[in-house]
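Step one of this worksheet: look at the structure below.
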Amino acid sequence: MLNLLFSLCQQQRISQADFYFAKLIADKQQGLGYSEQQQVLAILVAGLCQYSLSQGNTCLFLDRDLANNYFGLRYIKTDDGIDYVAEINQKIANLPLHQWANMLQDHIAFTLSPQEKIAPLVLQHNALYFYRTWQDEYRLADYIKTAVQKPQDFSLPQVKACLARYFEQTTATTNWQKVAVAVALRQSFCLISGGPGTGKTYTVARLLAVLQKLHQGKLKIGLSAPTGKASARLSESIEKELNSESLQHLLIEDAIQHNMPSSAQTLHSLLGVRPFSEKTVYHAQNPFPYDVLIIDEASMIDLSLMNKVREALAPHCKLILLGDKDQLSSVEAGAILGELGQFMGLYFDPKRQKNIGCYDKEFTEYLTAVTGEILIASETSLSSIANCLCYLPDSRRFDENSGIGQLAAAVNSVQYPVIEQSWTLFTQDFSQGKLHLVEFLPQQFADEKDFNAHCINQIVQSAVQNYRDYLVYLQQNKDDLNNEHYQMLFAKFNAVRFLTALRQGEFGVESLNQMIANALQKAGLVNFQQQRDWYLGKPIMITQNDRNVNLANGDIGIYVGHNLVCFDSVDKQGNYKLVSRHRLPMQYETAYVMTVHKSQGSEFNHTFLLLPTKNNPVLSKELVYTAITRAKDEFTLFATEQIWQLAVQRKSKRQSGLKFVLDQ
Ligand SMILES: Nc1ncnc2c1ncn2[C@@H]1O[C@H](COP(=O)(O)OP(=O)(O)OP(=O)(O)O)[C@@H](O)[C@H]1O
């Protein structure tokens, strides 16, 4: 079996990490008296577990999807033409998946009852985990289940009065923002989900005001987000809301304006993550000094990071997650928002065109009493988890005239014909949120190579045209080294962004960034000898946290000359962050094009999405939805219709046991 995995590793079908973990188990099981079949199966299962984790799954289900599709090999022709699936089946003597746990139950590397026995790998409920991941998932589920059982109580009239003070008396339709605040006041854990511009920050600003009012301004509140960019945006929008006319005078009257948090930090700096160490400054024995912690862009948080945060919460601390459950999951393993989102009851069922209620009877009665909103209780029995989830349905940013809003809603729809018809929206003329399509037409090319070259040329030429304004501005103002200049520079650069689905290959970030830089050079807009040179206007994205210069993975900077890179973040005095290029972390990449994954938490006036011409497993509805919702004013798609349809009709499947454990 190990030789077989080695061949797959050489052909890059599995990674070195997958192979070496399987080898470690092979070495450790020597001389312990296991049967040949047990040994072979243990090696295979170890390789599969590591492979599954690297695909973002927290566990691997031993089910129909895995049968005859080990390492995703079912539809793939390997370089040497060997049928590896058949070989694997032969080596494990065609042992059916449901008998794997039984076969491995006495093996030192496995445990079937992880609460009682620790081992590197866990086999439970027909799923395979690393012990550490199983533990993270189990503890997170336990935290949420416990949190739901201890509602935080204020007297009903008190809550009702506070909500009435901070929300308008009447709205034409159900005021879900008010309902969300009522839910979050009651629960010690709460998730508020909604698409772009649905008022998550607006709601949280009011929640904080109501909380402070109920606690006489004594609460310590922390604000955080997974990346530097997302935490800067959260600080900015919370500050804007707190200073808004409608809220500010209430805060002053209630004398709580000084008790509001104004700036957010990244989760890494909140936790006090130390380089090369698992230990963080804050942990269970030294919890965060907060009574309430708000975390924005929670879809980007992976399971391991979420658990570090959970461990560091003081027992009484309220945790509020904000995010869009329909966006892509974190890069690392886990899909917490997606899993929790599955418990979210629907208030309106589009299939039945009927209100069906999203909270249980008792909770609905409570919410109706405190908010004055007419809510109906769920007709079906719901998990208690549903009572700590809120969905904000109405976007303030995109109305029905917006192409971007309509496209995002169509792609996100649960109704197949609506999803399929999303393509036709590109032919419609919208007064706002305009949509543009550059359709790749393979039938015009005899050769795939020529076709791809043509598609890439279209992308590159569009990038030259769209980044021109930014680069010309920089050339004309290169001697300005002040904040106004940097502000204008980022406004121009962030007006446009090209997003791609892939990292590698012709349509991957690396290759496209190189081609665009060369084309910009040819157009006389930038000037370099070699790609790695620093040239005026070179945009970069940091891909590694560096505490020495206080830069985080995902931070965007522009080379502004004088050996300086200016980053898109300002300090309290409004000064842009300038870092000498000599002090930059080793890991960064050019950023004319970035992956959709990396664009999470950012917005651009005109967003361009580039889809590859061939099917790829990363293409999914969530990826396309995330890219569309990065666009503020215009969205341009480069794709064939076939690939668009394939992507929007494929729901990404992260394997995770969180929902299962929460359900128990
Ligand atoms: N009930 C409301 N009344 C008036 N304005 C509102 C209301 N809700 C939201 N807004 C406004 O709509 C805009 C978008 O709201 P907000 O920034 O809170 O949305 P969000 O969901 O946090 O957006 P993002 O997708 O950027 O995270 C803001 O300008 C906000 O002030």
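Note that the coordinates shown come from a computational prediction; the quantities given were computed from them, not determined experimentally. FYI, side chains are in, hydrogens and waters are out, and symmetry mates aren't considered; it's all heavy atoms of this structure. Whatever order the structure lists them in is the order used to number ligands and atoms, beginning at 1.
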Just jot down the ring-ring contact (aromatic ring centres under 6.0 Å, His included) partners of Y470, sequence neighbours excluded, or say none.
F493

Got I404 and L435 here, is their nearest side-chain heavy-atom distance under 4.5 Å?
yes

Those residues at least two apart in sequence (or on a different chain) that pass side chain to side chain donor-acceptor pair (under 3.5 Å) with K325 are none

Close residues, ligand 1: non-hydrogen atom nearer than 4.0 Å:
Q177, G195, P196, G197, T198, G199, K200, T201, Y202, R233, K240, E241, R396, R397, E603

Salt-bridged, D568 to K229, with N to O below 4.0 Å?
yes

Any salt bridge linking R165 with E253? Criterion: basic side-chain nitrogen under 4.0 Å from a carboxylate oxygen.
yes

Considering only distance and modelled atom types, tabulate donor-acceptor pairs under 3.5 Å from the side chains of residues 237-244, sequence neighbours left out.
from, atom 1, to, atom 2, distance (Å)
S237, OG, R233, O, 2.7
N243, ND2, E239, O, 3.2
S244, OG, E241, O, 2.6

